[in-house]
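Structure record follows, encoded as structure tokens.
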Number of protein chains: 2
Amino acid sequence: MAQKSVEPDYPPVICTVDVVLLTLKDQALHVVLLKRKNEPFAGTPALPGGYIHTQEDKTAWEAAARVLRDKTGIVSPYLEQLATYSGADRDPRGWSISIVYYALIPLEMLPLDNNGLLLAPVSKLPKMPFDHKGIVDLAVLRVRSKSQYSSLPVYLCGERVTLPQLQVVYEAVLGEPINKVSFRRKIDELGMLEPIEGELETGAAHRPAQVYRLRSAYKRELSLVQRGINS
Amino acid sequence: MAQKSVEPDYPPVICTVDVVLLTLKDQALHVVLLKRKNEPFAGTPALPGGYIHTQEDKTAWEAAARVLRDKTGIVSPYLEQLATYSGADRDPRGWSISIVYYALIPLEMLPLDNNGLLLAPVSKLPKMPFDHKGIVDLAVLRVRSKSQYSSLPVYLCGERVTLPQLQVVYEAVLGEPINKVSFRRKIDELGMLEPIEGELETGAAHRPAQVYRLRSAYKRELSLVQRGINS
DNA sequence: GGAATAGTGTCTCTAAGACAGTATCTA
DNA sequence: TAGATACTGTCTTAGAGACACTATTCC
């Protein structure tokens, strides 16, 4: 409305969203990358991202969800804002903003057929355009840090999970072994899981494990504990 | 550069920064507000904020620092990104982004003379435009949460501080009493303070307290502990 | 000396980790 | 039955909180 009357006409800002989509493969965090179709850096693997469409997207969160859906086919993962990167020099096209979100998803839910999705281990990232490497590093830091006292890693698991499976996931994310008894005490304290009555994970040559599912209250919201899960 | 050839011309996004400047007064967190000079909401107290000036600001952080300097005279506080608010409906002028930063400052360093700065207790905020109330609430949450395991509250103190003074600050921020012995153990563990040799806070009718200063390594960076400062 | 708060030594108590024992499956 | 891992009971240990005692100032 009164915008132009208030401030001088500065060159416009390029407004984009990017998504750090993380999954667990071979006990290690991996990030989903896409070969860029457009310049700059066409052909290089990069984070899924795109312009904010002001007539389509109500918010930047919705823009990120749309980008994720359109570029990877993934519909409603745990999607949370990470940080906003900005500046004159980060994009050769000009002064730009990227509102970055991160998402977690079980490997099985990734459509990895032949739609161009690449998986890169976060410990050994390929050359990436813009400041995407730093962005992935920050996302991993955030996920590790939040996992220390929350239910965040359950979003890396499928609907059904056993405690031994979940412990392996936590250990992979945190990068350190966890005491079994303490781990179970903490998961109990978090209260996000409920046992599926009578359902046991059989098939292995040992006592079967109880199968749990995420309580519906925590499908979209984290559960927290005061003191960390490990130490 | 090739921007327009890649995407259709969407209506531009209004790109702004806002700053939640917090201080401690009467043992309670207060936020600094300014009466808006321009429409919309001219005359209403609001967070200091303004447009990103793409020819002047190298990054959004610099834009926030500039806004703070120009509107309040404060030069280099602890200034960190909080979150980015965005959407079609939050600003009557159109689709907007606000990259929000928060800053902490000792009350004595606030130029509260007659330059229009208002102080509002965060527990009883006045009517504020846009989504500023929610923004302040999030900033307070963030500060409380970070204060549980970091040196963040020292930025609310002046250069010289005693441990009893600092404990009062922590208790005000966290909103709960802290065990004195544990508190001192934790501050020692944080390792951010060094005693000023021979300098004691005298003048009161009791044993004087040792005066400390912030080690230079922590002037701009937080110190962290694994387990919380209280419980 | 009395009052007040600073600073410290030490005991208690809570909760995390270690360890080992029992449970229950496959081969 | 042997081997493997799930689950659980309980002891040990680390660290947070409680309490009390000494230190040092002003009045």
Side-chain angles (χ1 to χ4, degrees), chain A residues 27 147-151 154 157 160-172 174-213 223-231, chain B residues 27 147-151 154 157 160-172 174-213 223-231:
Chain A
Q27 317 264 44
S147 297
Q148 281 174 352
Y149 58 93
S150 82
S151 58
V154 300
C157 302
R160 303 163 65 267
V161 72
T162 67
L163 294 185
Q165 285 166 4
L166 186 59
Q167 180 167 354
V168 167
V169 170
Y170 266 90
E171 288 173 338
L174 296 177
E176 55 186 9
I178 308 177
N179 178 279
K180 181 171 57 165
V181 178
S182 304
F183 178 74
R184 281 157 183 262
R185 275 194 291 242
K186 282 297 178 180
I187 296 302
D188 184 56
E189 190 185 336
L190 280 166
M192 71 223 172
L193 296 181
E194 59 186 357
I196 306 180
E197 286 301 330
E199 196 156 339
L200 302 178
E201 186 82 353
T202 57
H206 53 77
R207 175 174 174 179
Q210 173 68 50
V211 177
Y212 292 80
R213 82 175 132 236
S223 173
L224 309 174
V225 280
Q226 174 78 5
R227 330 216 346 196
I229 283 166
N230 206 11
S231 100
Chain B
Q27 317 264 44
S147 297
Q148 280 174 352
Y149 58 91
S150 82
S151 58
V154 300
C157 302
R160 302 164 66 268
V161 72
T162 67
L163 293 185
Q165 285 166 3
L166 187 58
Q167 180 167 355
V168 167
V169 170
Y170 266 90
E171 288 174 337
L174 297 178
E176 55 186 10
I178 307 177
N179 178 280
K180 181 172 58 164
V181 179
S182 304
F183 178 74
R184 283 158 181 262
R185 275 195 290 241
K186 282 296 179 183
I187 295 303
D188 184 55
E189 190 185 337
L190 279 165
M192 71 224 173
L193 296 181
E194 58 185 359
I196 305 179
E197 286 302 330
E199 197 156 336
L200 302 177
E201 185 82 352
T202 58
H206 54 77
R207 174 173 175 179
Q210 172 67 50
V211 177
Y212 292 79
R213 82 175 133 233
S223 173
L224 309 174
V225 280
Q226 175 76 3
R227 330 213 350 192
I229 283 166
N230 207 11
S231 101

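Just so we're on the same page: letters track the sequence lines, and every chain starts at 1. Nothing here was measured: the structure is a model prediction, and the numbers come from that model.
Under a 3.5 Å cut-off, the side chain of B:Lys186 and the backbone N or O of B:Val225 do not form any donor-acceptor pair. Side-chain N or O atoms of B:Glu194 include none that pairs as donor or acceptor with a backbone N or O of B:Tyr212 at under 3.5 Å.
To the nearest 0.5 Å, the span separating CG on A:Asn230 from OH on A:Tyr170 amounts to 11.5 Å. Rounding to the nearest 0.5 angstrom, the gap separating the CZ atom in A:Arg207 from the OG1 atom in A:Thr202 is 14.0 Å.
Checking D:dC7, C:dG7, C:dA6 against the side-chain heavy atoms of B:His206 singles out C:dA6 as nearest. Here D:dC7 is the nucleotide among D:dC7, C:dA6, D:dA16 with the atom lying nearest to any side-chain atom of A:Pro164. Of the candidate nucleotides D:dG17, D:dT10, C:dT24, D:dG17 has the atom nearest to the side chain of B:Asn179. Side chain of A:Leu200, nearest nucleotide from D:dG17, C:dC25, C:dG17: C:dC25. Listed candidates were D:dC19, D:dT5, C:dC19. Nearest to the side chain of B:Val181 is D:dC19. Relative to the side chain of B:Arg184, the nucleotides D:dT10, D:dT5, C:dG7 differ in distance, and C:dG7 lies closest.
Between the CD atom of B:Gln165 and the C1' atom of C:dA6 there is a distance of 12 Å, given to the nearest Å. For A:Glu176 and C:dA16, the CD to P distance is 15 Å, given to the nearest whole Å. Taking atom CG of residue B:Asp188 and atom P of nucleotide D:dA16, one finds them 12 Å apart after rounding to whole Å. Rounded to whole Å, atom P of C:dT8 lies 14 Å from atom CZ of B:Phe183. Rounding to whole angstrom units, CD of residue A:Gln167 and C1' of D:dC7 are separated by 12 Å. Atom CD of A:Glu201 and atom C1' of C:dT24 are 15 Å apart (whole Å). B:Tyr212 has its OH atom 10 Å from the C1' atom of C:dA6, to the nearest Å. Taking atom CD on B:Glu189 and atom P on D:dG15, their separation rounds to 8 Å, with Å as the unit.
Mapping A:Ala205 and B:Ser182 onto DNA chain D via the closest heavy atom, the residue that lands nearer the 5' end is A:Ala205.
Note on B:Lys180: every side-chain N or O is 4.0 Å or more away from OP1 and OP2 of D:dG17.
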Stepwise side-chain contact (heavy atoms from CB on, under 4.5 Å) check, B:Thr162 with B:Gln210: CA-CA 6 Å; B:Thr162 67; B:Gln210 172 67 50; over 6 Å; no

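Counting any heavy atom pair closer than 4.0 Å across all strands shown, A:Arg185 reaches a base atom.
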